[in-house]
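Letters A, B, ... are given to chains in the order of the sequence lines, protein chains preceding strands, and every chain is numbered from 1. Predicted, not measured: the structure shown is a model, and the values here were computed from it. The basis for the numbers below is simple: all heavy atoms, side chains too, and nothing from hydrogens, waters or symmetry mates.
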Amino acid sequence: MDLEHAWSAALRTLARTLWQIEIEGTLLEPPTDPRFGDFTCNAPMRLAKQLRKPPRAIAEELARAVRNAGFPRLAKVEVAGAGFVNFTAGPEFLQEELARILSEGARYGRSTMGGGRKVLVEHCSANPTGPLHIAHGRQAAVGDSLAHILDFAGYRVEREFYINDTGNQIEMLGKSILWRLSDAAEPPDENCYRGDYIKDIAAELRASGRTDLEGAKRLGVERLLREIKRDLEDFRVSYDTWTSEDSLHKSGKVDEVLNFFNSWGLTYPKDGATYLKTTDHGDVEDKPLVKADGTFVYRLPDMAYHRDKYARGHEILIDLWGPDHHAHIATMKAGMKALNFNLVPMAEVRSASTAVPEQRPVAFEVLLIQYCRLLRGGVEQKMSKRAASYVTLRELMEEVGVDAARFFFAMRKPSAHLDFDLDVAKQQSKDNPYYYAGYAHARVCNITVKGLEDKKIAPADVTDGVWRGAYDASRIGPDEAALLKVARQFQRHLEIAARDLDPAFVAEYLRELSGAYQSYYELGKPDPGKKVLCDDEPTRRTRLAVSAAVQQVLRNGFALLGLHAPEKM
RNA sequence: GCCCCCGUAGCUCAACAGGAUAGAGCACCGGAUUUCUAAUCCGGUGGUUGCUGGUUCAAGUCCAGCCGGGGGUACCA
């Protein structure tokens with residue numbers, strides 16, 4: 001446990017003994033101004049009403065108790081402003097943090113906030129009816145980053161892709177392939193897929209000799225799914241499970257759900273279709289489950305699918321959908337409630353062991369990943385799926401690279417529209433946040449290379465290109481301390497990202513940390529005595545240690561977003 | 001009509017469970033380099049946080065109502 005957590009726990013204990021209360025929420029925060037010390041606590045103001053005392057009086061009481069309790073590593077505690085209690089830690093605080101970063105390495109920043117709860121992150125789940133395009137790219141980038149973040153935050157994460165390998169759209173895929181097999185200039189159905197890839201599949205189908213609709217559908221799904229998997233793999237997006245909709249039908253799980261609804265009188269016939277009373281659970285209107293022709297509407301297998309997720313023991317179900325699924329959220333929740341799901345907010349899911357199995361609470365969080373606009377030369381690139389003139393994920397990867405693409409997709413709040421400026425993403429300058437952050441990392445790597453060349457670093461102190469020598473922590477100066485203070489915020493940002501299901505906090509943090517290191521590095525320009533590779537050996541070693549720590553934290557952050565940390569630029 | 005997202009510096013965006021003086025980058029102006037890689041850094045100009053009320057010791061943040069922009073609203077998925 002680090003100092004911040006230790007102090008937080010101690011403060012909660014003090015509150016219990018002083019006022020017999022439990023303080024909820026965050027207790028210690030980074031102050032807005034370095035003059036306010038290392039941590040600030042605004043609890044006195046929040047407690048004023050409850051305790052019926054002025055905030056300043058509460059703050060004084062708390063500060064006195066802190067002094068008497070003898071908090072470890074505490075240098076100073078004082079009351080300020082309207083009722084803040086500001087804490088300043090002794091130098092050991094950052095010394096220990098530095099040691100922790102270097103010893104924990106790739107694990108530094110990991111949190112236990114998830115408490116091992118089982119989370120299923122289902123994302124992308126594109127229909128195998130065509131190649132992935134950039135909207136899928138954003139979903140995949142956000143989903144995969146989120147999975148990394150939740151894993152790092154202490155959840156047990158499973159990443160899943162749901163394959164819509166049956167139903168109307170697959171029917172259309174089959175027809176499209178058969179159409180391309182014929183001489184017809186126009187498709188038999190206006191919803192047919194017109195992309196050139198259909199022609200390739202048609203050609204392959206012809207070669208196979210099986211030219212019926214079933215054969216076309218099967219080959220189409222198989223081919224396109226393979227393509228999707230390859231795109232995702234190259235985009236560094238990985239999955240633990242691939243669940244097929246068709247398999248849900250074949251196992252009877254879909255019929256089971258329909259029977260459940262029917263037998264409990266939750267459905268009724270209308271115009272030949274079967275409707276579920278979703279308005280009983282908050283939907284704006286009842287929704288059909290079975291069409292008049294007897295086939296299922298996609299939402300029915302979807303409900304069966306989510307029931308299956310639950311049955312597999314997941315406690316938090318996270319779905320990433322496109323914004324066109326907006327209305328589906330209320331319907332799905334209604335369906336799940338009709339299936340007797342005990343839906344609760346994510347923060348309220350407790351460990352499964354404490355709950356009765358049948359009423360085990362489960363969180364269902366849908367993230368609508370907004371579309372993005374592609375800009376080139378400041379002009380929006382219009383996309384039209386019908387004319388098959390949309391930009392594929394593959395094209396994007398080839399044009400701007402996986403790293404820049406993933407950083408761009410991750411850096412904006414997923415629910416907000418994103419302008420993806422292709423020119424900026426390709427630029428190798430400060431404008432491009434990926435290159436900016438990467439440059440800081442590359443600079444640390446380069447210092448090590450340069451140090452070895454100039455014999456300022458002994459080869460024995462370098463492992464895999466990373467400096468791992470001994471250092472004197474007491475030589476940490478103000479500039480190094482400022483850097484370490486930013487570095488230790490990593491876990492905080494990770495936890496916020498996990499709580500809000502938003503990787504943008506990590507992206508934003510990477511900019512902050514890399515910027516801090518750039519500034520630190522530049523100190524050596526006008527004043528060579530401030531270079532990392534300075535002449536004084538003990539100082540040099542300490543600066544190398546601090547640089548290696550920043551390098552490590554940058555790497556950990558990059559990994560959360562699925563990015564490579566460049567070693568040379 | 002109903003639902004969701006967004007209105008913060010000229011532009012693109014931050015602001016971490018409501019907290020101390022609303023911050024970055026771009027652009028503009030002025031500086032730093034015979035480089036531990038300038039793909040960089042430092043300083044400056046620039047704000048009635050769309051509007052009006054409300055809650056609160058405290059509101060960019062929460063609530064209500066407007067105004068403006070985007071998206072969604074199938075027996076497609």
Side-chain angles (χ1 to χ4, degrees), chain A residues 24-26 29-33 36 40 42 45-46 48-49 54-55 80-84 86 125-127 129 164 167-172 191 245 270-275 284-285 287-293 295-299 302 322-330 347 368 370-371 373 411-413 415-417 419 421 424 427-433 435-436 438-440 442-451 453-454 456 489 492-493 495-497 499-500 504-505 508-509 511-512 515 518-526 528 530-534 540 543 547 568-569:
Chain A
E24 301 293 326
T26 310
E29 296 180 291
T32 49
D33 190 309
F36 299 146
T40 188
N42 63 24
M45 290 177 287
R46 300 203 323 250
K49 179 165 283 183
F84 293 97
N86 292 331
S125 297
N127 289 346
T129 54
N164 291 105
N168 204 27
Q169 313 228 331
I170 298 304
E171 203 70 19
M172 213 50 72
N191 291 321
E245 179 188 344
K270 184 180 153 193
D271 304 331
T274 303
Y275 279 70
V284 286
E285 55 185 352
K287 299 284 168 63
L289 294 181
V290 185
K291 303 177 208 171
D293 66 4
T295 59
F296 296 153
V297 185
Y298 77 105
R299 62 177 64 93
D302 234 22
D324 52 330
H325 284 63
H326 171 65
H328 190 40
I329 298 176
L368 292 185
Q370 264 301 341
Y371 295 127
R373 297 195 308 161
M411 73 184 180
R412 199 73 70 223
K413 197 191 327 179
S415 60
H417 292 264
D419 281 340
D421 193 322
V424 173
Q427 212 166 316
Q428 303 199 347
S429 75
K430 180 170 192 175
D431 295 353
N432 184 335
Y435 277 92
Y436 181 75
Y439 190 44
R443 275 181 148 173
V444 179
C445 296
N446 190 62
I447 285 175
T448 312
V449 171
K450 180 79 175 160
E453 270 174 29
D454 296 351
K456 285 189 165 183
Q489 297 300 327
R492 184 179 193 87
H493 287 84
E495 289 180 344
I496 294 165
R499 184 195 69 203
D500 290 355
F505 288 101
E508 185 62 29
Y509 173 74
R511 288 216 264 195
E512 189 187 341
Q518 303 276 31
S519 298
Y520 176 73
Y521 183 95
E522 290 289 329
L523 293 172
K525 288 281 164 59
K530 291 203 167 186
K531 286 183 178 179
V532 174
L533 296 174
C534 58
R540 185 165 73 226
R543 289 179 183 167
S547 296
K568 203 173 173 179
M569 288 174 73

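When heavy atoms are screened at a 4.0 angstrom cut-off, V532(A) is found touching base atoms of the nucleic acid. Residue T40(A) is classed as a base contact, given a heavy-atom separation below 4.0 Å to a base. Within the 4.0 angstrom heavy-atom criterion, base atoms lie near N42(A). Heavy atoms of F505(A) sit under 4.0 angstrom from primed sugar atoms or phosphate atoms, though from no base atom. Within 4.0 Å (heavy atoms only), R511(A) reaches no atom of the nucleic acid at all. Among the heavy atoms of the strands, none lies under 4.0 Å from A440(A). As judged by a 4.0 angstrom heavy-atom cut-off over every strand, P288(A) is placed among residues touching the sugar-phosphate backbone only. Among the protein residues, D271(A) comes within range of the nucleic acid bases, having at least one heavy atom under 4.0 Å from a base atom. At the heavy-atom level, A82(A) lies nowhere under 4.0 Å from the strands shown. Base contact: D324(A) has a heavy atom under 4.0 Å from a base atom. Among the atoms of the strands shown, only primed sugar atoms or phosphate atoms (P, OP1, OP2) are found under 4.0 Å from some heavy atom of A416(A). Using a 4.0 Å heavy-atom distance criterion, N164(A) is classed as a sugar-phosphate-only contact. Counting non-hydrogen atoms under 4.0 angstrom, K450(A) reaches the backbone sugars and phosphates but no base. Nucleic acid contact class of G167(A) (heavy atoms, under 4.0 Å, all strands): none.
Between the base of C3(B) and the side chain of H326(A) there is a donor-acceptor pair shorter than 3.5 Å. Counting distance only, with no hydrogens placed and no angle test, the side-chain atoms of Y298(A) and the base atoms of A77(B) include a donor-acceptor pair under 3.5 Å.
For A80(A), counting side-chain heavy atoms from C-beta on, the closest listed nucleotide (A20(B), G19(B), G70(B)) is A20(B). Comparing atom distances between the F84(A) side chain and each of G19(B), C41(B), G71(B) picks out G19(B) as nearest. Checking A77(B), G19(B), C41(B) against the side-chain heavy atoms of N127(A) singles out A77(B) as nearest. In the set A77(B), A20(B), C13(B), A77(B) carries the atom at the smallest distance from any side-chain atom of H325(A). In this structure, the nucleotide among U40(B), A20(B), G71(B) sitting nearest to the side chain of E522(A) is U40(B).
Nucleotide C2(B) forms a Watson-Crick or G-U wobble pair with G72(B), both donor-acceptor distances falling under 3.5 Å. The base-pairing partner of U48(B), taking Watson-Crick or G-U wobble contacts with both distances under 3.5 Å, does not exist among the strands shown. Across every strand in view, A59(B) sits unpaired, with no contact that passes the Watson-Crick or G-U test at under 3.5 angstrom. U40(B) is paired with A32(B) under the Watson-Crick or G-U wobble criterion, all donor-acceptor distances under 3.5 Å. Across all strands shown, G7(B) forms a Watson-Crick or G-U wobble pair, both distances under 3.5 Å, with C67(B).
Dashed line: the shortest gap from a side-chain N or O of R299(A) to OP1 or OP2 of A77(B) is not under 4.0 Å. Contact annotation: K291(A) reaches the phosphate of A77(B) (side-chain N/O to OP1 or OP2, under 4.0 Å). Taking only side-chain nitrogens and oxygens, K413(A) comes nearer than 4.0 Å to OP1 or OP2 of C6(B). In this structure, T129(A) does not reach the A77(B) phosphate: none of its side-chain N or O atoms is under 4.0 Å from OP1 or OP2. Side-chain nitrogen and oxygen atoms of Y521(A) include none within less than 4.0 Å of the OP1 or OP2 phosphate oxygen of C42(B).
Between T274(A) atom OG1 and F296(A) atom CZ the span is 9.0 Å, to the nearest 0.5 Å. The distance from the CD1 atom of I170(A) to the CD atom of E245(A) is 8.5 Å, given to the nearest 0.5 Å. For the atom pair CG of D302(A) and NE2 of H328(A), the computed distance is 4.0 Å after rounding to the nearest 0.5 Å.
For the C1' atoms, the distance linking G43(B) with A24(B) amounts to 15 Å, nearest Å. On the P atoms, C57(B) is 26 Å away from G23(B), given to the nearest whole Å. The same atom, C1', is picked in G46(B) and in A39(B); the two are 27 Å apart, to the nearest Å. Straight-line distance between the P atoms of A32(B) and U21(B): roughly 36 Å, to the nearest whole Å. To the nearest whole angstrom, the two C1' atoms, one in C75(B) and one in G71(B), are 24 Å apart.
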